[in-house]
**Q** 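The structure under discussion is supplied below as structure tokens; questions concerning it will follow.
Computed from heavy atoms alone, side chains included, the values below leave out hydrogens, waters and symmetry copies. We count ligands from 1, going down the list as the structure has it; atoms in each ligand are counted the same way.
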Amino acid sequence: MSRSSRPNADLIIHNAAQVWSFGTRVAGSGLPDVIEAGALAVADGAVIWVGPESALATEICAAPDAVWLDAAQGLVTPGFIDCHTHLVFAGTRAEEIAARCAGESYLSISAKGGGINATVRATRATSEDALVELALPRLSRLLGFGVTMAEVKSGYGLSTESELKMLRAIQRLGARQPIETIATLMCAHAIPPEFSSARERYLDLCVSEIVPEAARLGFVRFCDAFVEQGAFEVEEARRVLERAAALGMRPRLHAEQMTSRGAIDLALDLGAATVDHLEALQPTDIPRLAASDVTSVLLPLSTLFLDDPRRAPGRALWDAGARVALATNLNPGTAMSENAALALGLAARFNGLRAEEALEAFTLGAARALGLEDRVGALCPGFQADLVVHAAPSLAHLVWHLGISHVRQVVKRGRLVLDRRDVPRCS
Ligand code: NIG
């Protein structure tokens, strides 16, 4: 496309050390993955041009009132896509940490009625409006780490009324702040207390009422299930996910987190979008995942939070050719942290990804997990202009200077939504 046939740019990002476009992953873009001394132009919320700054003047016409954003020799990357969070909830689980530090396990706390069911009690007792207000600061912290899209699960309601309340709150949050929200139904997160000795009846409620009502909302894209000791067995999760799939929600699975119990077979059978966690993944499942379209989602903040000595095998999955994504898993029980920078660094330290792989997993890999890779996750012409300017000279700096937000600016759909020109340069 020539300069004259492109629309006038209303936002131009210049003076970047590198622009990470992931162009080789986008059919027909003709771009390399990274452009040194790059620049980027946006019109009407979409990227219209990416290339070397030396070509900017010949390729782009700026609108008279265009915003010129100086990247100050930092990195420009796609915005982080947090494809696994449980950030809508009420109450605290701070007291569980002391018990955990005294040696009590997550599963044993859950078996005594704490864990997920503690958050269920608090969330049920909280109004939809209050849930929205409680979640806003969490989203604001995620934005401060460069997140521009977040998937958010229900799963702390576990009744028709409370699951729908959570899902509506998730949807409303997308309109209240810059991060786009993607809703996932997770009625198969735990057996609620009133069904503790009637789990079949809870599953009946899920398939006959909760799943169909959630589908009727029209905006719930995924249905997730927790296959784990004390949560759901494979065949129970299958019932819920098959019903959800029949009603248009794509299955996802919390799989092989604490114990290994066949969740990968189910995910492959159902053609699930993702399997998430994977600390207990069997090595024989790695080539099976690699041969599928199922994305393996790494959640290293949970590995850290639970002090799990095992590591999800990110390196082996990547080398086998599996689809890999990375997320925070922000939730009150296993990852009470919005620190996407720490997740990025831990993907390198714990899961063996190189810095550029960790970035890809947190952007384009996550977009693929959500089925949105033709719109977000890369910075190529036609993509949504969701991007971050990092005050860092290289990706290696981001995984080295661990757990600190080096975010200078965040752009969402072409609009500057966070501007911290005074953030110190990472060094
Ligand atoms: O992804 N593992 C299950 N669900 C969450 C934890 C939820 C909680 O403990 O509140 C997770 O880690």
**Q** I want to check a possible cation-pi pair here: Arg250 against Phe222, using under 6.0 Å from ring centre and within 45° of the ring axis as the test.
**A** no
**Q** Quick one: which ligand 1 atoms are inside 4.0 Å of a heavy atom on Arg93?
**A** 8 (C), 9 (O), 10 (O)
**Q** Show which atoms of ligand 1 fall inside a sub-4.0 Å distance from at least one heavy-atom site of Tyr156.
**A** 7 (C), 8 (C), 10 (O)
**Q** Quick one: are Val50 and Val76 in side-chain contact, heavy atoms under 4.5 Å?
**A** no
**Q** Once you measure the plane-to-plane angle for His254 and His86, does it fall in the parallel (<30°), tilted (30-60°) or perpendicular (>60°) bin?
**A** perpendicular
**Q** Under 3.5 Å, N or O to N or O, is His189 touching ligand 1 that way?
**A** yes
**Q** Counting from 1, what ligand 1 atoms have a heavy atom of Ile116 closer than 4.0 Å?
**A** 7 (C), 8 (C), 9 (O), 10 (O)
**Q** What protein heavy atom lies closest to atom 5 (C) of ligand 1? Include the residue and the distance to one decimal.
**A** His86 NE2, 3.6 Å
**Q** With a cut-off of 4.0 Å, which atoms of ligand 1 are near a heavy atom of Tyr106?
**A** 6 (C), 7 (C), 8 (C), 9 (O)
**Q** Under 4.0 Å from any heavy atom of Thr334, which atoms of ligand 1 are there?
**A** 6 (C), 9 (O), 11 (C), 12 (O)
**Q** Using a 4.0 Å heavy-atom cut-off, say whether His84 meets ligand 1 through its side chain, its backbone, both or neither.
**A** side chain
**Q** Residue-level breakdown please: for Asn329 versus ligand 1, do any non-hydrogen atoms fall below 4.0 Å on the side chain, on the backbone, on both, or on neither?
**A** side chain
**Q** Any atoms of ligand 1 less than 4.0 Å from a non-hydrogen atom of His277? List them with their elements.
**A** 1 (O), 2 (N), 11 (C), 12 (O)
**Q** Donor-acceptor check, side chain of Ser154 to backbone of Met186, threshold 3.5 angstrom: yes or no?
**A** yes
**Q** Could you tell me if the ring centre of Phe232 sits under 6.0 Å from that of Phe226?
**A** no
**Q** Would you please say whether a donor-acceptor pair under 3.5 Å links the side chains of Gln229 and Thr259?
**A** no
**Q** What protein heavy atom sits nearest atom 2 (N) of ligand 1, and how far away is it?
**A** Gln257 OE1, 2.9 Å
**Q** With only distance considered, is Thr119 within less than 3.5 Å of ligand 1 through an N or O on each side?
**A** no
**Q** Can a cation-pi geometry be assigned to Arg138 and Phe89, taking NZ or CZ under 6.0 Å from the six-membered ring centre and within 45° of the ring axis?
**A** yes
**Q** In terms of relative ring orientation, are His397 and Trp400 parallel, tilted or perpendicular, with 30° and 60° separating the classes?
**A** perpendicular
